[in-house]
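A note on names: the letters A, B, ... follow the listed sequences, proteins ahead of strands, and every chain is numbered from 1. Since this is a predicted model, take the numbers as computed values, not measurements.
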Amino acid sequence: MPELPEVEVVRRGLAAHVTGRTITAVRVHHPRAVRRHEAGPADLTARLLDTQITGTGRRGKYMWLTLDDGSALVVHLGMSGQMLLGEVPNENHLRIATLLDDGTALSFVDQRTFGGWMLAELVTVDGSDVPMPVAHLARDPLDPKFDRDGVVTVLRRKHSEIKRQLLDQTVVSGIGNIYADEALWQARIHPLRPGGELTAAEVRRLHAAVVETLERGIAYQGASIRNYRGPDGAPGAMQERFNAYDRDGEPCPRCGTPIEKIRVAQRGTHLCPRCTRQP
DNA sequence: CTATGAACCTGACAGC
DNA sequence: TGCTGTCAGGTTCATA
């Protein structure tokens, strides 16, 4: 589920509510949800208690809440994570429940338990302050300091398919399987094309398509194929706007040819066989 | 260094 | 109905 647009919708939804609030209660219901917090559930609980949330941040598919002790609560939604505001949800996938000083509950629900919370210190990398667990990620395409030429240099150095590279979070972060297929469809580039062999015009087209697709995803409040929900529990609408993803067999919105589904890097990959040239 | 595959989980769905 | 196999938005680790 959650790629950059979904995570950004969650971050924005949380920011308005949690900034300035103090955490008054924490309960970890499932240890896997904090497995990446190496000091353990008790440490996380103790350190969160009575801390104030001072702001929010995001890079790629990671988001975080900055805390008044200078550290950050880093959240990854994995495949099915939800950050919910309101009452504590009566949900058997409730993994972590917290209470804020205005009486609101901030809960982490995650069916598949691939996501989780961890506390981390902020480090300065290349002029930006990010939590430790995020430091290895490339900037995402919506980052004001995103360096397109730098990414192109990396693309050229590697020899793997462009879709594989779009999914590599150390090349460019935030893009997952949905938005990779959507951006490649929009740019009319075959997912199997070697990234290093794209022309300058194709690179420009792809960059524009990635930015537009991600921004569209945010504008439609994310894609709810399965269990993605915003912090208010509402699903997104982007799944109704897909041109290629999950549309195999349906006509390409551009030329009418049925969308094809292949596998690239073990991932289901959707493309128009007529709009794109196979390598 | 690059690339591939498996593992980590739960649930939905297709087919028999 | 129920069983089996496959697939799903992500990341990480081990193996070639």
Side-chain angles (χ1 to χ4, degrees), chain A residues 1-10 29-38 58-63 74-83 91-95 108-118 120 131-138 140 153-184 191-192 194-196 210 213-214 216-218 220-230 235-242 244-249 261-270:
Chain A
M1 48 82 48
E3 306 181 24
L4 185 154
E6 290 74 30
V7 178
E8 177 62 12
V9 170
V10 170
H29 291 265
H30 197 305
R32 253 185 75 77
V34 296
R35 70 193 180 286
R36 294 181 63 194
H37 184 74
E38 287 177 11
R58 182 191 55 73
R59 173 169 288 186
K61 303 169 194 172
Y62 286 79
M63 60 158 292
V74 181
V75 178
H76 197 285
L77 300 178
M79 291 281 253
S80 55
Q82 304 174 0
M83 294 282 282
E91 239 283 4
N92 51 339
H93 302 309
L94 177 66
R95 307 307 186 194
F108 184 63
V109 169
D110 186 16
Q111 176 200 112
R112 290 174 73 182
T113 68
F114 286 171
W117 289 13
M118 73 209 91
M132 246 343 189
V134 176
H136 68 290
L137 289 184
D140 63 64
T153 305
V154 176
L155 290 184
R156 296 247 182 277
R157 200 166 60 221
K158 299 188 172 202
H159 288 271
S160 52
E161 309 96 311
I162 185 59
K163 171 152 177 185
R164 187 186 291 275
Q165 300 214 47
L166 287 179
L167 294 177
D168 185 340
Q169 305 296 301
T170 66
V171 173
V172 51
S173 66
I175 304 170
N177 206 37
I178 291 178
Y179 293 93
D181 283 5
E182 289 297 307
L184 287 167
L192 291 174
V210 164
T213 307
L214 294 176
R216 227 158 93 86
I218 295 170
Y220 284 101
Q221 306 292 302
S224 295
I225 293 287
R226 282 179 184 80
N227 39 24
Y228 165 74
R229 293 291 182 276
M238 182 62 187
Q239 67 282 0
E240 298 158 19
R241 304 279 160 171
F242 291 159
Y245 183 82
D246 206 24
R247 293 277 180 264
D248 37 314
K261 184 174 182 182
I262 63 173
R263 285 197 84 82
V264 179
Q266 323 292 104
R267 319 294 300 276
T269 297
H270 312 75

What is the distance from [atom1] of [X] to [atom2] of [N], rounded to the nearest Å?
X	N	atom1	atom2	result
A:D110	B:dG11	CG	P	11 Å
A:I162	B:dT2	CD1	C1'	16 Å
A:E91	B:dG11	CD	C1'	13 Å
A:E6	C:dA8	CD	P	17 Å
A:L137	C:dG10	CG	C1'	12 Å
A:F114	B:dA6	CZ	C1'	12 Å
A:L167	C:dG10	CG	P	7 Å
A:N227	B:dC9	CG	P	17 Å

- Message: Nearest heavy atom decides the nucleotide; on that basis, is A:R112 or A:Y62 closer to the 5' end of DNA chain C?
- Response: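 It is A:R112, whose closest nucleotide lies nearer the 5' terminus.
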- Query: Is the closest side-chain heavy-atom distance between A:Y62 and A:L137 below 4.5 Å?
  - Reply: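 They are in side-chain contact.
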Do the side chains of [X] and [Y] get close enough for a salt bridge, i.e. N-O under 4.0 angstrom?
X	Y	value
A:D246	A:K261	no
A:R58	A:D140	yes
A:R267	A:D181	no

Does [N] have OP1 or OP2 under 4.0 Å away from a side-chain N or O of [X]?
X	N	value
A:K261	C:dC7	no
A:R267	C:dG10	yes
A:S160	B:dA3	yes
A:H76	C:dT11	yes
A:H93	B:dG11	yes

Looking for any heavy atom pair under 4.0 Å, which part of the strands does [X] touch: base, sugar-phosphate only, or nothing?
X	result
A:G268	sugar-phosphate
A:R263	sugar-phosphate
A:R36	sugar-phosphate
A:F242	nothing

- Closer to the 5' end of DNA chain B via nearest nucleotide, is it A:Q111 or A:R32?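 Here A:R32 is the residue nearer the 5' end.
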- Closest nucleotide among B:dG5, C:dA8, C:dT11 to the A:Q169 side chain: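 Side chain of A:Q169 sits closest to C:dT11.
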- If you check the A:K61 side chain, which of B:dA3, C:dT11, C:dA8 turns out closest?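 Nearest to the side chain of A:K61 among the choices is C:dT11.
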- Query: In whole Å, what separates the P atom of C:dG5 from that of B:dA6?
  - Reply: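 Result for the P pair: 16 Å, nearest Å.
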- For B:dC9 and C:dC3, measure between their P atoms and round to the nearest Å.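 Here B:dC9 and C:dC3 have their P atoms 23 Å from each other.
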- State whether the distance check finds a donor on one side and an acceptor on the other, under 3.5 Å, for side chain A:R164 versus base B:dA3.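 For A:R164, whose side chain was compared with the base of B:dA3, there is no donor-acceptor pair (under 3.5 Å).
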- Query: Side chains of A:D110 and A:S80: do they bring a donor and an acceptor to under 3.5 Å?
  - Reply: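 The criterion, which ignores hydrogens and geometry beyond distance, is satisfied for A:S80 and A:D110.
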- Message: Parallel, tilted or perpendicular, judged at 30° and 60°: which one describes the rings of A:W117 and A:F108?
- Response: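 Because their plane-to-plane angle lies in the 30° to 60° range, the rings of A:W117 and A:F108 count as tilted.
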